[in-house]
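Shown next, in structure tokens, is the structure this report addresses.
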There are 2 protein chains.
Amino acid sequence: MAAGTPSLDRVVALLRRLPGIGPRSAQRIALDLLLRKRALMPQLAEALAAAHRSVRHCSRCNNLCEDELCSICNSGRRDRGLLCIVESPADLLAIEDSGSYVGEYFVLMGHLSPLDGIGPDALHLDLLEQRLQETGLQEVIFATNSTLEGEATAQFVAALVPEGIRVTRIARGIPMGGELEYLDRSTLGRAVQGRGTLDF
Amino acid sequence: MAAGTPSLDRVVALLRRLPGIGPRSAQRIALDLLLRKRALMPQLAEALAAAHRSVRHCSRCNNLCEDELCSICNSGRRDRGLLCIVESPADLLAIEDSGSYVGEYFVLMGHLSPLDGIGPDALHLDLLEQRLQETGLQEVIFATNSTLEGEATAQFVAALVPEGIRVTRIARGIPMGGELEYLDRSTLGRAVQGRGTLDF
């Protein structure tokens, strides 16, 4: 990609390091900012600096937050008997978005991946063990990804859950709107294995 | 999309206003920055602020630059007899990238679009007329987009070129690697009309 001005080139080079942004879209974004959305530039600069300064991890559930505790741990209206374990804040947001869950979370910030050198140390398990000791916990729900790494992580972490606490996994089956004809064999196999009583 | 922290939400909201970035990718970018590329955040903030401060328009060709003149007008190694008229800095960069042009440019920063209320006033034509008066100019090459607006803009602006200066348009035809079977009729029609002597 040919050169613009030095500071334009610098913006383009940094934008290219963001996920899903290639050279063309980095240039398009930078020029769009400079030519049409100039007022957005100092706003975005300030927002990035502010988030960099203030976003940290919740000292209880490891989710992103700006205070000692995140808004979920702080809410007082969540069911503390339910703990859902997810790999990332994006997964937590997706479950929140579904409006189907009233319990609390723990965010591992990753998954086991021996080939990439990611072992148990990366998963903040000491913080999780503290949470697992809190009184009143009744069920730990694993909502790690349905991938090799996600499953292995769930298996490994499940071993830390104290006796007497129910351990579950979110259901695997055919997605809503999914057509059987086009589903992969393993999803369909799981869906048949995990069949439940018919209810609407 | 559910909420993260306030300053994370602000970054996501601003990112969504950039071209080609939807709600999912805005969230993905913001989380990627916070979780994996934290050092990039102040760098990007500073780069945006710096570009916002220093990028302006070349007083001769209207391209983006950081001094009185852009690097092309300033170079001394470009053919001042050739002037290529483009709609945007991205178009200029694309032509530079092709390595096929040694002349100078004028950047209109738009095209005529009466339906959107964009008239000749938006095209910096006073600056262009100054450039057209410079001695030694031999050819004005129109490289506006091959759209209705681009063609109309070229036609309108061509009327400003003084007598005795050659006025040309970049070739329209089949793109490199293009298969005739899949080309639209108007491109193919243009290509037949504009046929040239066989040479390799």
Side-chain angles (χ1 to χ4, degrees), chain A residues 1-8 10-11 13-15 17-21 24-25 27-56 63-67 70-71 88-90 92-99 109-110, chain B residues 1-8 10-11 13-15 17-21 24-25 27-56 63-67 70-71 88-90 92-99 109-110:
Chain A
M1 195 59 52
T5 80
S7 57
L8 176 60
R10 170 122 175 100
V11 170
L14 292 170
L15 287 174
R17 293 173 57 188
L18 302 179
I21 297 189
R24 285 263 165 214
S25 47
Q27 194 195 72
R28 183 160 157 245
I29 289 170
L31 288 175
D32 185 61
L33 281 168
L34 278 164
L35 298 175
R36 279 178 290 270
K37 296 176 187 151
R38 219 161 162 121
L40 200 59
M41 297 179 79
Q43 291 174 41
L44 184 54
E46 180 44 46
L48 285 166
H52 181 253
R53 266 196 313 274
S54 55
V55 176
R56 54 194 188 118
N63 188 18
L64 294 176
C65 68
E66 298 183 32
D67 298 301
C70 73
S71 57
S88 76
L92 182 156
L93 292 175
I95 295 177
E96 284 295 286
D97 229 26
S98 76
M109 296 290 171
Chain B
M1 195 59 52
T5 79
S7 57
L8 176 60
R10 170 123 176 99
V11 170
L14 292 170
L15 286 174
R17 293 172 57 190
L18 302 179
I21 297 189
R24 286 263 164 212
S25 47
Q27 194 195 70
R28 183 160 158 246
I29 290 170
L31 288 175
D32 186 60
L33 281 170
L34 279 163
L35 299 176
R36 279 177 290 271
K37 295 176 187 151
R38 220 162 162 121
L40 200 59
M41 298 179 78
Q43 291 174 41
L44 185 54
E46 179 44 45
L48 285 166
H52 181 253
R53 267 194 314 273
S54 56
V55 176
R56 54 193 188 117
N63 187 18
L64 295 175
C65 67
E66 298 183 33
D67 298 300
C70 74
S71 57
S88 75
L92 182 155
L93 291 177
I95 295 176
E96 285 295 287
D97 228 26
S98 75
M109 294 291 169

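Proteins come first, then strands; the chains are lettered A, B, ... in the order of their sequence lines, and each starts at number 1.
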Discussion item. Please classify the contact of B/L31 with chain A as side chain, backbone, both or neither, using a heavy-atom distance under 4.5 Å.
Written reply: side chain

Worksheet item: With only heavy atoms counted, which part of B/L35 is less than 4.5 Å from chain A, the side chain, the backbone, both or neither?
Response: side chain

Worksheet item: For B/R17, which residues count as a side chain to side chain donor-acceptor pair (under 3.5 Å) partner, sequence neighbours excluded?
Response: none

Worksheet, complete the sentence: Cut-off 4.5 Å, heavy atoms of chain A, and the answer for B/I21 is side chain

Worksheet item: Who among A/N63, A/D67, A/L40 has the most heavy-atom pairs with chain B under 4.5 Å?
Response: A/L40

Worksheet item: Do you know which of B/R10, B/R38, B/M109 has the most heavy-atom pairs under 4.5 Å to chain A?
Response: B/R38

Fill in: For B/S54, all residues meeting side chain to side chain contact (heavy atoms under 4.5 Å, CB included), sequence neighbours excluded
A/S7, B/E66

Fill in: Nearest non-hydrogen partners of B/P19 and A/D32, listed with the distance
CD-OD2, 3.2 Å

Worksheet, complete the sentence: Of B/Q43, B/M41, B/R53, the largest count of non-hydrogen pairs under 4.5 angstrom with chain A goes to B/M41

Worksheet item: Out of A/K37, A/E46, A/R36, which one racks up the most heavy-atom pairs below 4.5 Å with chain B?
Response: A/K37

Worksheet item: Using a cut-off of under 4.5 Å for heavy-atom pairs, which of A/A13, A/A50, A/S25, A/P6 has the most such pairs with chain B?
Response: A/P6

Fill in: From CG (A/L93) to CG (B/L8), nearest 0.5 Å
7.5 Å

Worksheet, complete the sentence: Closest non-hydrogen contact found for A/L15 with B/L44 is CD2-CD1, 4.2 Å

Item to complete: Specify the closest pair of heavy atoms between B/A51 and A/V11, including all atoms of both residues, with the distance to one decimal.
Response: CB-CG2, 3.9 Å

Worksheet item: Where does B/L34 contact chain A at under 4.5 Å (heavy atoms): side chain, backbone, both or neither?
Response: side chain

Response to the item:
For B/T5 and A/C65, the nearest pair of non-hydrogen atoms, with its separation, is CG2-CA, 3.4 Å

Discussion item. For a quick test of reading the model, state the closest non-hydrogen atom pair linking B/Q27 to A/A90 and the distance between them.
Written reply: OE1-CB, 4.1 Å

